[in-house]
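For the numbers below, each heavy atom of this structure counts, side chains included, while hydrogens, waters and symmetry mates do not.
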Amino acid sequence: MNDFCTYLFDLDDTLYCEHDYVRSGFWTVANELAKQRPDIGIDGIHQMLIDEWRRNGRGRVFDDVCKQLGIDADIARLVHLYRSHRPDISLYDDAKEVLAHLRQTGKKLGIITDGDSTMQWSKIKALELEHVVDAIIVTGDLGREHWKPSETPYRKMVEELGVDFRDCVYIGDNPNKDFIAAKRLGMGTVRIIRDVGDHMRTMLGDEYEADMTIHSLTELIDRRL
């Protein structure tokens, strides 16, 4: 792989632990539901949300827990509270180290992340990433049709930074969408597989997988990419 001058990162489960965000959001929802079920309390409801998430995922967790609690809640309001809360999250230690190193060595840095705009920007602000990287693209700002694996966010990032595709490497965790467009456009690609994450056991074909796999972002320094 090249000695890249521009490093572009995914956000969730690449720079911080997405499960921490989920737990943080559940505290906000538990606080709201506890107003109707003070007998169970915030801690108890928070644990119920976590248990339901672990059993069946996030899709209907609020609906199912409200049913268990016997609460006729406004699910749309709970989703809004979850998405708009200020999350209690922090960067992975290796992310702090690598981002600082790359800045010190004069590399350009960017983030391309999928998701609801309110939710993703709240994460970015909580992690103070606006002060760390040169450009951030939240695909939720562009419209669902421009979410990864669309080429749109990658093209917009390259244009905003004033670099060529071949000068860029994209680092992410999800082979279902992170690397397809980046590879097609001529970027380098690196997949990080951590001990915790929604996609750590996902293995796909060459079209989807990155050029290289790492288990810590510090390998970007160690391998002198």
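- The main-chain N or O of His215 is found under 3.5 Å from a side-chain atom of Glu219 such that the two form a donor-acceptor pair.
- Tested against Asp10, the residues Lys148, Lys177, Arg191 include a single side-chain hydrogen bond (donor to acceptor under 3.5 Å, both in side chains) partner, Lys148.
- The nearest pair of heavy atoms linking Leu109 to Val132 is CD1-O, 3.8 Å.
- No side-chain donor-acceptor contact under 3.5 Å links His85 to the backbone of Thr28.
- Judged by distance alone, with hydrogens and angles left aside, the side-chain atoms of Asp211 form a donor-acceptor pair with the main-chain N or O of Thr189 at under 3.5 Å.
- Annotation: side chain of Leu33 is in contact with side chain of Cys66 (closest heavy-atom distance under 4.5 Å).
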query = Hey, mind stepping through Asp93 and Glu97 against side chain to side chain contact (heavy atoms under 4.5 Å, CB included) and telling me if it holds?
reply = CA-CA 6 Å; Asp93 287 341; Glu97 179 180 348; over 6 Å; no
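- Looking at heavy atoms from C-beta onward, Leu127 lies out of side-chain contact with Leu15 at the 4.5 angstrom threshold.
- No side-chain heavy atom of Tyr82 sits less than 4.5 Å from a side-chain heavy atom of Trp27.
- Side chain of Asp134 to main chain of Lys108: no donor-acceptor pair is present (N/O by atom type, distance under 3.5 Å, no hydrogens or angles).
- With a 4.5 Å cut-off on side-chain heavy atoms, Leu142 and Lys156 count as touching.
- With a 6.0 Å cutoff to the six-membered ring centre and a 45° limit on the axis angle, Lys123 counts as a cation-pi contact of Tyr21.
- Checked by atom type, the side-chain pair Asp94/Thr218 shows no donor-acceptor distance below 3.5 Å.
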Thr139/Asp114 under side-chain hydrogen bond (donor to acceptor under 3.5 Å, both in side chains): CA gap, chis, key distance, verdict = CA-CA 5 Å; Thr139 59; Asp114 276 348; 2.6 Å; yes
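- In this structure, the side chain of Ser24 engages the main chain of Asp88 through a donor-acceptor pair within 3.5 Å.
- When side chains are defined from C-beta on, Trp121 counts as touching Val138, because their heavy atoms get closer than 4.5 Å.
- With rounding to the nearest 0.5 angstrom, the CG atom of Asp74 is 9.5 Å from the CD atom of Glu32.
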ask   = Taking it one step at a time, do Ile214 and Leu217 satisfy side chain to side chain contact (heavy atoms under 4.5 Å, CB included)?
value = CA-CA 7 Å; Ile214 59 176; Leu217 291 179; 4.2 Å; yes
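- Of the possible polar contacts, one joining the His46 side chain to the Arg23 backbone as a donor-acceptor pair under 3.5 Å is found.
- Distance check, rounded to the nearest 0.5 Å: CD of Gln68 to CD1 of Ile40 gives 9.5 Å.
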query = Met187 and Val169: side chain to side chain contact (heavy atoms under 4.5 Å, CB included), yes or no, with the steps?
reply = CA-CA 5 Å; Met187 293 182 176; Val169 59; over 6 Å; no
ask   = What do the steps show when you test Tyr170 against Tyr154 for ring-ring contact (aromatic ring centres under 6.0 Å, His included), and what is the final call?
value = CA-CA 9 Å; Tyr170 188 78; Tyr154 301 89; 5.3 Å; yes
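- Interatomic distance, OG1 of Thr14 versus CZ of Arg194, reported as 7.0 Å (0.5 Å rounding).
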task = Output, in order, the C-alpha distance, side-chain angles, deciding distance and verdict of side chain to side chain contact (heavy atoms under 4.5 Å, CB included) for Asp12 and Gln120.
result = CA-CA 9 Å; Asp12 302 326; Gln120 296 307 102; 3.4 Å; yes
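- Annotation: side chain of Ile136 is not in contact with side chain of Ile112 (no heavy-atom distance under 4.5 Å).
- In terms of hydrophobic clustering, with Ile, Leu, Val, Met, Phe, Trp and Tyr side chains grouped at heavy-atom distances under 4.5 Å, Leu8 and Leu129 are assigned to different clusters.
- To the nearest 0.5 Å, atoms SG (Cys17) and CD1 (Ile89) are separated by 9.5 Å.
- Within a 6.0 Å sphere centred on CZ of Arg184, other residues, nucleotides and ligands contribute more than 12 heavy atoms.
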